[in-house]
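Only this structure's heavy atoms are used, side chains among them; waters, hydrogens and symmetry mates stay out. Order of the sequence lines fixes the chain letters, A, B, ..., with proteins taken first and strands second; residue numbering starts at 1 for each chain.
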Amino acid sequence: MSRIEARFKALRASRRKALIPYVTAGDPHPGFTVPLLHGLVDAGADIVEIGVPFSDPIGDGPVIQMACERALAHHIGLDDVLAMVRDFRSRDADTPVVLMGYMNPIEVMGHRRFADEAAAAGVDGVLTVDMPPEEMGDFSDCLAAAGLDPIFLIAPTTTEERIRLICDNARGFVYYVSLKGVTGADTMDVDTVAGRVDSIHAVTGLPVGVGFGISSPEMAAKMSRASDAVIVGSVLVRRIAEHGGDDESTLRDVTGLLRAMREAMDTEAEVPA
Amino acid sequence: MSTMSEPAREPIDFSSYPDASGHFGPYGGCFVPETLMTAIRELTEAYARYRLDAEFLAEFDNDCTQFVGRPSPLYLARRWTEKVGGARIYLKREDLNHTGAHKINNALGQALLAKRMGKRRVIAETGAGQHGVATATVAARLGMECVVYMGAEDIQRQSPNVFRMRLLGAEVVPVTSGTRTLKDALNEAMRDWVTNVDETFYIIGTVAGPHPYPMMVRDFQSIIGRETRHQILEQEGRLPDALVACVGGGSNAIGLFHPFLFDSEVQLHGVEAGGYGIDTGQHAAPLCAGKPGVLHGNRTYLMEDEWGQIMGTHSISAGLDYPGVGPEHAWLKDIKRAVYTSVTDDEAMAGFHELTRTEGIIPALETAHALFYAGQLAREMGPGRSIVVNLSGRGDKDLQTVANREGITL
């Protein structure tokens, strides 16, 4: 059983929903990331998602794009990101780590070498935004051989036929994009999302996470009721961007927001349906 | 300037490329976020339906004739040929099209498709502004809303085209992220499409992007090569010995080359932007100096650093200033059906002045790269042979750039 699968199993047993924060590796500087990851886990993260900076993040909005630019100003490469995961793992053997990014840095490293090195560093799942199941080819085998879970996005526009295709190729969980648009956009309808999540559950036993546009503890709570996991990224990254400089207060602010989301979600879980 | 030439080795059925999922050998494909996949599928199905639809093709042909001004002439550059003293040089006059470049062929085709798909809003990315102007033009004619994304740096160096687009009713959105050039404009257009996917048709301007764009844009631009084939047979009585075109994304080149792919005796030469020189790293020549990777929805040759980050490019011409290239070119390079070379900024300027003074035609700076190389090639080939250069655009938009470079205030 993968770390991700085990984590969801444990959460189900305790009737809790997963909280998955996203941060871009190396934002705002390389030394900040590993302490931040530990802080997020302490604040209630069940899985951490680490963004691999890329120069041309077409699926992301301006917030994540700027985070990539800040990280790239420090020349953060895929090997640096894997080193951060290794560092994180030296103190945390349990929290699953998902890498989220784009295909080209992996192409350059080579599919097999990436999969092997990522697994050795302690990565559990890989979400490559611009790699649909149809194009996976040998990459799928490389991830499987290394024991890594391929995570895929499902969009509001994804047809039922494609939902099946995606779920057949996915392991760990699937990630439902709760609105049309790029990351960080801000309109969302909880009932619509709940309906879509139900239709995904109808075709797969995999947990369904919901993300894109979840910006407050209240919304995180509502979305947790409708899904198995809540993924928050842009709202955290925006806090990092707004702080600029002071590591300690940034860390306090970002983890404080995540903790508030955790508490709101756990309170929501106690309310009878 | 560097050259190489090797003939293709074995017969290939070029008409069977790309395959059903958009691959040219290892290149091409459809690497897009899931948020775009349904829109891409919808486009693929619509294009599959209309690409062979007699009524659609008749409307395209009619608009090409009546609105664009096709066929464009194939002009024998007599004085330049004599001056060079080698192969006869013919110019395929895409600069004479409405809006002044080959870009209109594709913008028209895609806009007609958008209309049939019931889309009321079109978006586009643009570098030099030629594709943006072409898109704004067809949008005005068809009564569609039009938004054009353009790098902030390109807006500076191509201001006449920006004004033209605004006159045509398009909204021109400056892109300030990344390198502030064409690749970033493409990123922004993709983001717009993801967000407004229901009512919006994304008119990509070159043979790059996810499948079906490289195929679709090639099909619309192939009118260049089909006309050329007919015209050269009429004028020369035989096929040309070589075709030459500049390559940024590669749409004017593939448009000229494609109808000649089966004719192995016709050499195909693509000319990339050598910028300050390939050895300086400051250029836009991924086929000459890049490596395969994945960007903007397809696998192709890219300019990237050792960690797969896309590099800033440099070219005097905004339209060639792109770190990727169409996947069909990547494949034609690997199978050695076409050869790709590069021409520097300085050499392109020499080509620009040469044509202007010798033939009375002011070419676009993009095209000037192909012209410089064609002059060299004509000399190398010698008399008795013939070359067709795609004169892909006119140079009016570049007057400011040329003046600045030569220290002249307009």
Undergrad: Which residue out of A:Val108, A:Leu72, A:Asp56 racks up the most heavy-atom pairs below 4.5 Å with chain B?
TA: A:Asp56
Undergrad: Once you round to the nearest 0.5 Å, how far does OG1 of B:Thr35 lie from CD1 of A:Ile58?
TA: 8.0 Å
Undergrad: Look up atom CD in A:Glu134 and atom OG in B:Ser21, then write down how far apart they are to the nearest 0.5 Å.
TA: 9.0 Å
Undergrad: Tell me whether B:Glu199 at atom CD has more than 12 heavy atoms from other residues, nucleotides or ligands lying less than 6.0 Å away.
TA: yes
Undergrad: For residues A:Pro105 and B:Gln309, report the shortest heavy-atom separation together with the two atoms involved.
TA: CG-NE2, 4.5 Å
Undergrad: By a 4.5 Å heavy-atom criterion (distance strictly below it), what part of B:Leu36 contacts chain A: side chain, backbone, both, or neither?
TA: neither
Undergrad: As an exercise: rank B:Cys30, B:Gly29, B:Pro210 by heavy-atom pairs under 4.5 Å with chain A and give me the winner.
TA: B:Cys30
Undergrad: Kindly check if the number of other-residue, nucleotide or ligand heavy atoms within 6.0 Å of OH (B:Tyr276) is above 12?
TA: no
Undergrad: When you measure from the side chain of B:Thr38 to the backbone N and O of A:Thr157, does any donor-acceptor pair fall under 3.5 Å?
TA: yes
Undergrad: Could you grab the distance from atom CZ of B:Arg41 to atom OG1 of A:Thr158, nearest 0.5 Å is fine?
TA: 10.5 Å
Undergrad: Pick one of side chain, backbone, both or neither for B:Leu295, based on which atoms fall under 4.5 Å of a heavy atom in chain A.
TA: side chain
Undergrad: Which residues pass the side chain to side chain donor-acceptor pair (under 3.5 Å) test with A:Glu160, sequence neighbours left out?
TA: A:Arg164
Undergrad: Indicate the atoms forming the closest heavy-atom contact of B:Phe31 with A:Pro132, along with that distance.
TA: CA-CD, 4.0 Å
Undergrad: Only counting residues at least two apart or in another chain, list the ones meeting ring pair (Phe, Tyr, Trp, His ring centres under 6.0 Å) with A:Phe152.
TA: none
Undergrad: Hey, does B:Glu34 have a side-chain heavy atom less than 4.5 Å from the side chain of A:Ile166?
TA: yes
Undergrad: Taking the side chain as every heavy atom from C-beta outward, state whether B:Arg191 and A:Pro57 have any pair of such atoms under 4.5 Å apart.
TA: yes
Undergrad: Taking B:Lys291 first and then A:Glu107, would you say they form a salt bridge - that is, a charged N and a carboxylate O separated by under 4.0 Å?
TA: no
Undergrad: If you count heavy-atom pairs under 4.5 Å with chain B, which of A:Asp79, A:Leu78, A:Leu153, A:Thr159 comes out on top?
TA: A:Asp79
Undergrad: Hey, could you give me the CD/CG distance between A:Gln65 and B:Asn187, rounded to the nearest 0.5 Å?
TA: 7.0 Å
Undergrad: Tell me the closest heavy-atom pair linking A:Asn104 and B:Glu304, and the distance in Å.
TA: ND2-OE1, 2.7 Å
